[in-house]
Structures are given as structure tokens and as C-alpha cells.
Number of protein chains: 2
Amino acid sequence: MNATIKDIAKIANVSTATVSRVLNNAGGYNETTRKKIMDIANKLGYRRNEMARSLVQNSSNIIGVIMPNAATIFYADIVNGIESMAHTNGYSVILSHSGVNGNRFNECMDIMAARKVDGLVIVTVELNTEQVKLAESLNIPFILLSTDTPDNEAPYIKVNDFDAAYAATEFLIINGHTKIGLAGVDPNDRVAGMPRIEGYKKALEDNRIKFHSYMVKFGDFSFYAGKEAMKEYLKENILVTAVFGVSDDVALGIISAAYDHDLKVPEDLSVIGYDNTRVAEMSIPPLTSISQPFLEMGEEGCQRVIEAIHSKKGISSKIISYSLEIRESVKKIM
Amino acid sequence: MNATIKDIAKIANVSTATVSRVLNNAGGYNETTRKKIMDIANKLGYRRNEMARSLVQNSSNIIGVIMPNAATIFYADIVNGIESMAHTNGYSVILSHSGVNGNRFNECMDIMAARKVDGLVIVTVELNTEQVKLAESLNIPFILLSTDTPDNEAPYIKVNDFDAAYAATEFLIINGHTKIGLAGVDPNDRVAGMPRIEGYKKALEDNRIKFHSYMVKFGDFSFYAGKEAMKEYLKENILVTAVFGVSDDVALGIISAAYDHDLKVPEDLSVIGYDNTRVAEMSIPPLTSISQPFLEMGEEGCQRVIEAIHSKKGISSKIISYSLEIRESVKKIM
DNA sequence: CTGTTAGCGCTTTCAC
DNA sequence: GTGAAAGCGCTAACAG
């Protein structure tokens, strides 16, 4: 079996305390014993049992990550950010999926609680008040990424969807568009739906463009939602010169449907996306898109949690800035 | 602080042993005490400390997952598969990134060893013999996903890249193509490079089409590699009527460059991809692609590891079947 | 500089 | 049916 400090202690003829001290660079031993112990440890291929250590230190050095199952591309970046920051700080990452619609969230919390994670990063899951309470009941720092709670009960990092949607719409307006559609959006989505609709509306309003509800096509942020939306504009003879897709997938759906109907982008139709995922640059034409800094969100979210673990202070929320990645899917008209 | 079985025992006026028995449904107690203990546990919001349990049981109920940092889309599916299977079997998942080129693999192993994971799933990381030895030294079941080792020292699940590349090339041939390029491939990649080149060659050969090395454009499986490859065909006046991109990204790069030069896909150029990632269906035109069952690979890989944990037997490798997802990027000619 | 001791929270014999 | 006690591997006082 794997060697323990006991084994090392026995061979080295010292106490386990001394071994522990050496292994942890705790100081208080002379070089000879240090060398002797290290040699034996190496020879035995000793590896510390983090379980035992966690038990006595009452801290696991684990960050828990909870996210939905949906294999949307950008989770990869967020997780990358979290993991790398955790790793740099000597933490491990335990991952648990909360189900497609967050229905398994409570199970996730059970796991995290049982594993005694030191902190928690919750990605995109929409929490109700009860669930926030549940998270709080663990008495560990946690942060939400790319989502928030109705009453700001919990710290989060996200972009301001209202502003970002406003910016996207405004960009189309600046390029001379007035017949602007909004596609693929879920009006019941408090976090990524409603505010984007409102931002779109406000941008129109501020530029004295009348808002028409038929210009807004609801959907679930998917490629198919985009495709359907575009088909509807066409079928219903709604004139749009530009469409704001609430995700890159939606935008690609729009472009795809446009292509099916021999509409060229951006010549006949301008399209703007949201998320600036990897598909945006691979699109034809390359897609102009609102960029969310996912990697950074992961890193910074994790960092804030780790800081909170150490400082035992609360975590502050942050609105992280989006940017507009201008490519070739929007054309200036008039 | 969080309640422990000691607290429960004290309140219930029983021993911790009894509490433990009840909490684990171990039998050997009467209904009254069971009820009493459960009530108290619930009231106190008791959660088992998995750390402590792991320590005594010498098993963590954790599956370790090691994968490269590269945020390629399909990792999400693999991880989903792993996590869901782990969850179903009562295991947690600990995630560690091995760096872009696997350079951090040894660190990962240290983490996994220290956390005493019960099993290990290694995704896409190419291991050398020494690293396989390292993995074996942990004395826990492990499996490789979408990769293998030079001498089959370790169990794996992957598709046969040779066969899949053969099938892709053959599909183009069946559609009348004889001027077929291969693009974006890394000839030094033993797992995903070499066999695909060989499969491509063999398909040509079996159909009496002469192989020309100038038809093969090397690259790193990326969108840009595809773009560059296509540009080179054009610049060097190499006639290709079809190109096999060794990844969907490469295929999209080819399409993108073709589009830049007013070549239409599939009218002027047929393109086939590999991986059937989500971008394949969002491409214009929708991309015909070799499909790898990533979710399934994750699930089955994890399952095999878990089975091996219980049975203490070795894990067998599996060649998992690819399929050809036919969409619209390949045209029949002649 | 080093050893002794106690204990983290839990499971698991072995008694009764 | 239940309790006492030992121990998993480690750290952390406290002595010396």
C-alpha cells in the first residue's frame, strides 16, 4: 500500500510529528533529518493523504463548481479559468452538474457540503431565494458567474445584459439600420432574456425608432431558434435589414436561414451575435458579436472566492465589461 | 459549526456507532431509535463528512478527470458523460487540467494521488511510457479517452482514426471525386494525425487514385490551419474538387477561404469534416462530418472505471464506432 | 530540534 | 439492538 508518514517515521527513526514538519516545510528541524526524511519519502513514493489533512485542518482545499449540463461552448472557458486559478492557489476543483434546468442543484449542494469544499462557484444556474439560502447555509464563500439573483442576495460576476444588448442594437443603428429584429430570446429568462429585450427597446427608443413587438422573435437561444425566427420574418413579410441574435448560435441560425432564402449576409441582411464564442470567427461571414470574457470571469470568480476563504470577508459583485467584436456580418446602409 | 454524529449521538442518548449505523442503513437497530436519530439529524441539518468517511474506508468515492486546457468544444460532452455516470453511481468528479500540451500531467497525478481518487479518466492526453507507469503506480483503475498509448499499455476508448479517415475519403470518392485534398493534419500526432493520413492514403490507393504528397496540407487541426491549407491549394494552383478537413474547425476554415475566393461549397468544392461538433450543423452549408460519440465515450469510460473499482479486474479497451453524418457540404460530381 | 499526545469525524470489530 | 474502543493519516499543541 501507499506509504504514510508513519512508515517514514519508522524507517527514519523519528516521530511522525517530525516527518510532518519536514514534509510541510514547517521549520524546526536540522538539515540532516530533513534530508534523511525526504530521501525516504522519495524512495517510498510518499504522497500526502489530503483526506486526512483536510479532516484535521477542517478545510479541504477544494473549490466546488456547479454548472448546468448543457454543453454550451463557453462553459469550457469558464471552467478553464476557474481551474487554472484554483490550481495556482493550491486548490483542487470538484465539478457537479445541476441538470439542464438546474433541477439537480440541491443534490449538488449535498455533494459539496459532504465534501466540505472551501468555496463554491456557481455557473449560470438561476437560483431562487430558497436555493440561495441553501447555499448560504454551508457557511462558505460562493459566487455566481454569468447570472445573479432577483434581489441581489448573492455576489456575482456578470456583464450587464441590458447595456450589452443596447450596445449591440445601437451598433446596428449607427450603421444606418432602422428595421431591426431581435431573435431567439426567452422573455421569461430574467437574467439573459428580459434585460436584452429591454436594452434593445431602449436603444430603439433613444434613437426614435418605433418599437414593434412583431420584430421580436422568441426562442431558446439556440441555432434552431435563430433559424425559425428568420423564417418567420420572411414568411410574415416583416422587413428587417438587420437582426440582433441573442446568442451566436441564434445569429448563425439567422444567417443559415437567410442563406436558404438566397439572402446574403451582410449585403442583404446584417446580423449581430452575442457571446463571441469560437463559432463567431468561423462563421461565414465572420460574425460581429458582443464578447463576454468567459475565461476572465472564471478566473476572477474563483479568485474572489479564494480571497474570501482567506480573508473571511464577504465577496463583492462585479459587472464585468463586455466588448463589441466587430467582424463582417454588419453592413453600413444608406 | 456543522453537526457531527457525535452531536446527534449526544442528543439522542445513543452511541456514535448507532448513529452511524442508522445513517448508513446498516441495519441492527429498532425503528424507534432510527426515527429518533433521523429526526435529530434532519433538525440539525446533518451532512456526512465524506473526508472522514473516506479516511476510514480508504476510498474516496471520487473519480479523477484529467484533460488538456484547450477549450475545444467536444470536451464538454465527454465531461458531461463522465460526470453523469459518476453521479449515478454515487461518485464525485475532481477535475484537473494537464496543460495545453500535457506538460502539467505529472502535477495532475500528484493531485489525484493525494486526493486518493478511486479511479481516473484521462481525456485526450497523449502519455509516454513513463507517464503510463506513473498512472499505474497509483494502483487504481484508469482509462484513456480518445487517445491511446504507443504499445497499448493502457486501456482506452476511441474510434479507429484510420478507418474513420478511410471512410471520409471513400465517401468523397464515391461521390465522384478524385482530386481530394487532406488538410490541417499534424503528421507528428501519433493518435489523430498519422492514422488519418494513412487512412486517407489507403482509400485513394484502394480506388486506384494516385497519392500526391502536395495534396496533404499540414496543420494543427484549427480553423486557421484549414484556411491556410485552402489558400495554399489556390496559390499553388493545385486542383482539388474535394477536401477532407481533419477536424470540423479545419473544414470550416476551408469553407471560409473558399468563400473568400468566390468558390461555393459544395458547388465548386466539396468539404468533409471530422468530429461532428456543434458547429457542423451550424455551418453554411451544413457540414458532412465524421461523428465521434463523445458523450457516450465519457459515459462508457467512466462506467468501465467504476466497474473496475468494484470488480478489481482490469479494464478492456474498446474501439467505439464512428458514423458519417451526411449533410450538404459534399456534392456528387461527374 | 524533536517526541508525546490528543483529536479531526467517521466506521468497524468485538462485547454485552 | 446497542455501546466501547480502536484506528484511518495527519496536524498541532505542549513538553522537553
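Throughout, a chain's letter reflects where its sequence line sits, starting with A, and its residues are numbered from 1.
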Task: Over all atoms of both residues, closest heavy-atom pair of Pro68(A) and His97(A) - done: O-CD2, 4.0 Å
Verify whether one side chain among [X] and [Y] offers a donor that lies under 3.5 Å from an acceptor in the other.
{"X": "Asn25(A)", "Y": "Arg34(A)", "result": "no"}
{"X": "Asn30(A)", "Y": "Thr32(A)", "result": "yes"}
{"X": "Ser316(A)", "Y": "Arg304(A)", "result": "yes"}
{"X": "Ser59(A)", "Y": "Arg53(A)", "result": "no"}
{"X": "Ser92(B)", "Y": "Arg115(A)", "result": "yes"}

- [ ] Output the residues of residues 109-119 of chain B in contact with DNA chain D, where contact means a heavy atom of the residue under 4.0 Å from an atom of the strand; sort by number or write none.
- [x] none
Over how many whole Å does the gap from [X] atom [atom1] to [N] atom [atom2] extend?
{"X": "Asn30(B)", "N": "dG3(D)", "atom1": "CG", "atom2": "C1'", "result": "14 Å"}
{"X": "Arg34(A)", "N": "dC1(C)", "atom1": "CZ", "atom2": "P", "result": "13 Å"}
{"X": "Arg21(B)", "N": "dT12(C)", "atom1": "CZ", "atom2": "C1'", "result": "9 Å"}

- [ ] Verify the neighbour count for atom CD of Glu130(A): are there more than 12 heavy atoms of other residues, nucleotides or ligands below 6.0 Å?
- [x] no
Open item on the list: By the definition side-chain hydrogen bond (donor to acceptor under 3.5 Å, both in side chains), identify the one residue from Asp275(B), Asp161(B), Asp77(B) that meets it with Gln292(B).
Closed with: Asp275(B)
Open item on the list: Once you apply a heavy-atom cut-off of 4.0 Å, does Thr33(B) come out as touching a base, just sugar-phosphate, or nothing?
Closed with: sugar-phosphate
Open item on the list: Quick check on dT2(D): is either OP1 or OP2 less than 4.0 Å from any side-chain nitrogen or oxygen of Ser15(B)?
Closed with: no
Task: End-to-end axis angle, where each axis spans five pairs of the helix from dC1(C)-dG16(D) to dC16(C)-dG1(D), to 10° - done: 40°
TODO: Only counting residues at least two apart or in another chain, list the ones meeting side chain to side chain contact (heavy atoms under 4.5 Å, CB included) with Thr16(A).
DONE: Ile5(A), Lys6(A), Ala9(A)
Task: Residue list, side chain to side chain contact (heavy atoms under 4.5 Å, CB included) with Leu127(A), at least two apart or on another chain - done: Phe105(A), Ile122(A), Val125(A), Gln131(A), Val132(A), Leu144(A), Thr149(A)
Open item on the list: Just to verify, what does Phe142(A) make a ring pair (Phe, Tyr, Trp, His ring centres under 6.0 Å) with, not counting sequence neighbours?
Closed with: none
With 3.5 Å as the limit, what N/O pairs link the protein to nucleotides 7-10 of chain D?
| unit_1 | atom_1 | unit_2 | atom_2 | d |
| --- | --- | --- | --- | --- |
| dC8(D) | OP2 | Lys6(A) | NZ | 3.1 |
| dC8(D) | O2 | Val56(B) | N | 3.4 |
| dG9(D) | N2 | Ala52(A) | O | 3.4 |
| dC10(D) | OP1 | Tyr46(A) | OH | 2.3 |
| dC10(D) | OP1 | Asn49(A) | N | 3.2 |
| dC10(D) | OP2 | Ile5(A) | N | 2.6 |

